[in-house]
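Data block below; observations after.
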Amino acid sequence: MSPSSSAIATPATATSRRLWVGFGPRVPFNTPTAHALHLRGLLPAVAKAAIMWIGAIPQNPSEPPSGEPGERPEIFVGHFAGIGIRADRLKPPGPGDEFLGAGVISQADLEAIFEERASALGARLRRGVALTGFDTDADTVTVHTGHGDVRAAWLVGADGGRSTVRGLAGFDFPGVDPVFTGRQAVVDLDAPEKLTAGGWQAGEHGSYSFGGWADGDGPPRVHTVEPGAPPADRDAPVTAEEMQAGLRRVSGTDVRVTRVHVATRYADTTRQATTYLRGRVLLCGDAAHVHSPAGGQGMNLGIGDAVNLGWKLALVAHGAAPDSLLDTYTAERHPIGAWVQRWSMAQTALSTARGPRADALREVMADLLDTPDGATHVVSMIGGGRQRYDLPGDHPLLGRRVPDLPLDDGTTLAEHFRDGRAVLLDVGTGAAAVAGAWGDRVTVVTARPAAFPDQPLAALVRPDGYVAWVAPDGADTGGLRAALVTWLGAPAGSAGRRARA
C-alpha cells in the first residue's frame with residue numbers, strides 16, 4: 001500500500017533544498033495550477049520558494065546531461081498506485097504542448113505567497129475569527145463570528161473537509177468511507193538502521209517510507225499507510241506509542257519511537273457535494289470534495305476551483321454579470337472533481353488489494369506503464385494536462401488553456417492577464433471594435449503572435465486563461481458578442497447591467 005497519484009518531473013539536477021523541508025504538507029503542482037499562477041505573475045515567487053523546482057523537462061530524458069558522459073539523470077515523473085513511471089517512456093511533447101515548470105512547495109510557503117498577493121490587492125484577512133453560524137435572505141448573508149457579525153452578498157465555504165459552512169448550509173455530501181489510515185511524523189528513533197530508507201516499502205500489513213534530511217541535520221521523517229479507518233477521535237494527537245505500533249506493523253521490525261516532534265494522520269474518505277452552490281452559499285476546495293490526499297491532487301483541485309470561481313464571483317458581486325454566471329462554476333468544476341475522485345479510488349483499490357489476483361493486476365498495470373502510450377497517458381491525466389471545459393462551439397481550442405504566446409511587441413500573452421481581466425487577441429480582424437463596450441472588463445491585445453506570422457486571428461480568453469471564442473478571420477462578430485455577454489455580462493451602460501452590489 002502506498003500513496004496514490006503523483007505527477008511531477010524531478011531530475012537529480014533540479015533546484016532543490018532539503019529532502020524533507022520542515023514537516024507540514026508539501027504539495028506538487030500540476031499543469032493547470034502552474035498555468036493559473038503564471039497568468040497572475042506568481043510563478044517566479046513559487047519557483048523561488050519551492051522545495052524542488054525545474055524549469056523544463058529534457059526533450060529526451062533517456063539521454064545523459066551534457067558534460068556527464070554515460071550518466072543518465074534521475075527523473076521522477078509520477079506513479080500510479082505506487083507503480084513508478086519511467087521518464088524515458090514518455091512520448092516527446094506534441095505541437096503546442098506547453099511546460100511552464102514543475103515542483104513541490106510547502107503549503108505554508110504557498111499560503112504566504114497568496115497572502116502577500118491578496119494584501120497587495122487590498123483584501124482584508126482576519127485570522128482566528130471562527131464562523132459560528134450565518135443567516136441568508138434574498139440578497140445578503142450575515143455571518144456570525146465570535147468577533148461580531150459580517151454582512152456580505154455571498155459566502156464561500158473554503159473551510160476544509162469537515163466544513164462548518166457546508167454542514168450549516170445543508171449541502172448533500174455523498175461518498176464512501178475510508179479503507180486506510182495514513183500517519184506521518186518527524187520522530188526520534190532508537191535504531192533507525194532497522195528501517196529501509198528511500199521510497200515506499202510494502203509489506204503484508206501496509207507500507208512505510210523513511211527519510212532524513214539532505215544535509216543530515218534533522219530527525220527522520222516516517223510515513224505509514226495501513227488498512228482500516230482512523231480512530232473515532234480524529235482530532236486526538238498522534239502519540240509516540242501510536243506511531244511506533246503502526247511502524248512496527250508495517251515494517252516487521254522492533255524499531256522504537258522515542259519522541260514525536262510533530263505528526264498527523266489522514267484517511268481516504270471520498271465524498272463530493274452534489275452542487276457547489278446553494279442559495280447564496282458556495283463551496284470551494286476540500287469543503288466541496290475530499291479524497292485521499294496522497295499525490296497532492298487536493299491542493300491543485302482546490303486552486304482550480306478558486307481560479308474558476310474568483311473572477312465569476314467578482315463580476316457578479318460588482319453587478320457586471322447576472323447571478324446565473326455562478327451556475328457555470330458547478331457545471332465546470334464538478335466533473336473535474338469527480339474525475340480526481342475516480343482516479344484516487346482506483347489507485348486506492350489497487351494499492352490496498354492483497355493476494356495473487358491483486359499481484360497479477362499490479363503486474364499488468366506495471367507493464368502498461370512501461371509503454372510510451374500508457375506512461376504518457378497516465379502522467380498527462382494526473383498532471384492535469386488534458387483538463388478542459390466543455391464550452392459551446394466547434395473550434396478545437398474552445399475550453400482549453402491558452403498558451404503563453406510570444407508577441408511581436410516584446411511581451412508574451414500571459415503578461416496581459418495580470419490584472420484578472422479577460423483578454424481579446426485581435427490580429428488584423430477588427431474584433432477589438434466589438435469588445436469596446438466591455439472595455440472595463442477586457443484587455444485588447446493587437447500584437448501579433450510569432451507563431452502566426454501572416455494570417456489574421458481573433459480569440460477571446462476568459463480571465464482564468466481558458467479560450468471562450470475563436471475566429472480565424474474575426475468575422476463571427478455575433479459569436480463574439482454572445483461570448484462577451486455570457487462570460488462578462490452586459491456591456492457597460494446597458495440596461496441589463498445592475499448597480500454595483
Side-chain angles (χ1 to χ4, degrees), residues 22-27 106-175 178 184 230-239 262-267 269-291 293 298-299 301-310 313-314 316-317 326 329-330 333 337 501:
F23 181 64
R26 292 167 311 281
V27 285
S106 77
Q107 184 171 312
D109 287 343
L110 184 60
E111 288 176 358
I113 292 170
F114 287 163
E115 181 174 353
E116 181 178 357
R117 169 73 169 184
S119 298
L121 293 173
R124 182 185 178 191
L125 305 179
R126 300 175 62 185
R127 297 189 179 277
V129 180
L131 177 148
T132 58
F134 59 85
D135 300 308
T136 63
D137 57 33
D139 299 309
T140 61
V141 181
T142 302
V143 178
H144 309 301
T145 78
H147 297 257
D149 291 350
V150 178
R151 294 182 71 248
W154 301 89
L155 170 63
V156 179
D159 50 341
R162 306 175 197 176
S163 172
T164 300
V165 172
R166 183 186 65 231
L168 293 176
F171 284 86
D172 292 331
F173 201 50
Q184 51 184 327
D233 184 2
R234 295 180 296 179
D235 295 323
V238 179
T239 64
V262 61
T264 186
R265 70 171 71 83
Y266 65 89
T269 304
T270 305
R271 298 186 180 279
Q272 184 180 25
T274 54
T275 179
Y276 295 173
L277 170 64
R278 183 178 173 86
R280 305 196 73 80
V281 181
L282 299 113
L283 300 179
C284 183
D286 288 351
H289 38 69
V290 295
H291 54 87
M299 182 209 73
L301 188 56
I303 289 178
D305 291 347
V307 170
N308 186 285
L309 174 61
L313 186 57
V316 171
L326 297 179
Y329 170 55
T330 295
R333 294 304 300 172

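One distance of note links CG of Leu301 with NE2 of His289; it measures 3.5 Å at 0.5 Å rounding. The distance from atom OG1 of Thr275 to atom CG of Asp172, rounded to the nearest 0.5 Å, is 9.5 Å. Expressed to the nearest 0.5 Å, how far CZ of Phe171 lies from OG1 of Thr274 amounts to 8.5 Å. In this structure, the separation between CG on Leu282 and CG on Leu313 is 6.5 Å, given to the nearest 0.5 Å. For the atom pair CZ of Phe134 and OG1 of Thr140, the computed distance is 12.5 Å after rounding to the nearest 0.5 Å. Between the CG atom in Leu309 and the CG atom in Leu283 there is a gap of 10.0 Å [rounded to 0.5 Å].
For the salt bridge (charged side-chain N to carboxylate O under 4.0 Å, His left out) condition, no pair includes a residue of residues 280-290, sequence neighbours left out. Applying the side chain to side chain donor-acceptor pair (under 3.5 Å) rule to pairs touching residues 121-130 yields Glu115-Arg127, sequence neighbours excluded. Each salt bridge (charged side-chain N to carboxylate O under 4.0 Å, His left out) pair with one or both residues in residues 139-155, not counting sequence neighbours, would appear here, but there are none.
Evaluation of the side chain to side chain contact (heavy atoms under 4.5 Å, CB included) rule for Val307 yields Ala36, Ile303, Asp464 as partners, not counting sequence neighbours. Applying the side chain to side chain contact (heavy atoms under 4.5 Å, CB included) criterion to Ala158, with sequence neighbours excluded, gives Cys284. Under the side chain to side chain contact (heavy atoms under 4.5 Å, CB included) criterion, Thr164 pairs with Leu131, Asp159, Leu168, not counting sequence neighbours. Remark: Arg333 pairs with Asp305 by the salt bridge (charged side-chain N to carboxylate O under 4.0 Å, His left out) rule, at least two apart or across chains. The salt bridge (charged side-chain N to carboxylate O under 4.0 Å, His left out) search around Arg271 returns Asp177, not counting sequence neighbours. For Phe173, there are no ring-ring contact (aromatic ring centres under 6.0 Å, His included) partners, not counting sequence neighbours. Among residues two or more places apart in sequence or in another chain, the salt bridge (charged side-chain N to carboxylate O under 4.0 Å, His left out) test is passed with Arg117 by none. Applying the side-chain hydrogen bond (donor to acceptor under 3.5 Å, both in side chains) rule to Asp233 yields no partners; only residues at least two apart in sequence or on another chain are considered. Residues meeting the side chain to side chain contact (heavy atoms under 4.5 Å, CB included) test with Asp135, sequence neighbours left out: His144.
Considering all non-hydrogen atoms of both residues, Arg265 and Pro230 come closest at CD-CB, 4.3 Å. For the pair Ala288 and Tyr276, the tightest heavy-atom approach, listed with the atom from each and the gap, is CB-CE2, 3.6 Å. Closest approach of Thr132 to Gly146, counting heavy atoms only: CG2-N, 4.5 Å. Considering every non-hydrogen atom in both Thr269 and Pro178, the closest pair reads OG1-CD, 3.4 Å.
Between Leu326 and Trp154 the shortest side-chain heavy-atom distance falls below 4.5 Å.
Under a 4.0 Å N-O distance rule, the pair Asp235/Arg162 qualifies as a salt bridge.
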What verdict does the side-chain contact (heavy atoms from CB on, under 4.5 Å) test give for Val238 and Thr264, after you've listed the backbone C-alpha separation in whole Å, the side-chain angles of each residue and the deciding distance to 0.1 Å? CA-CA 6 Å; Val238 179; Thr264 186; 5.7 Å; no
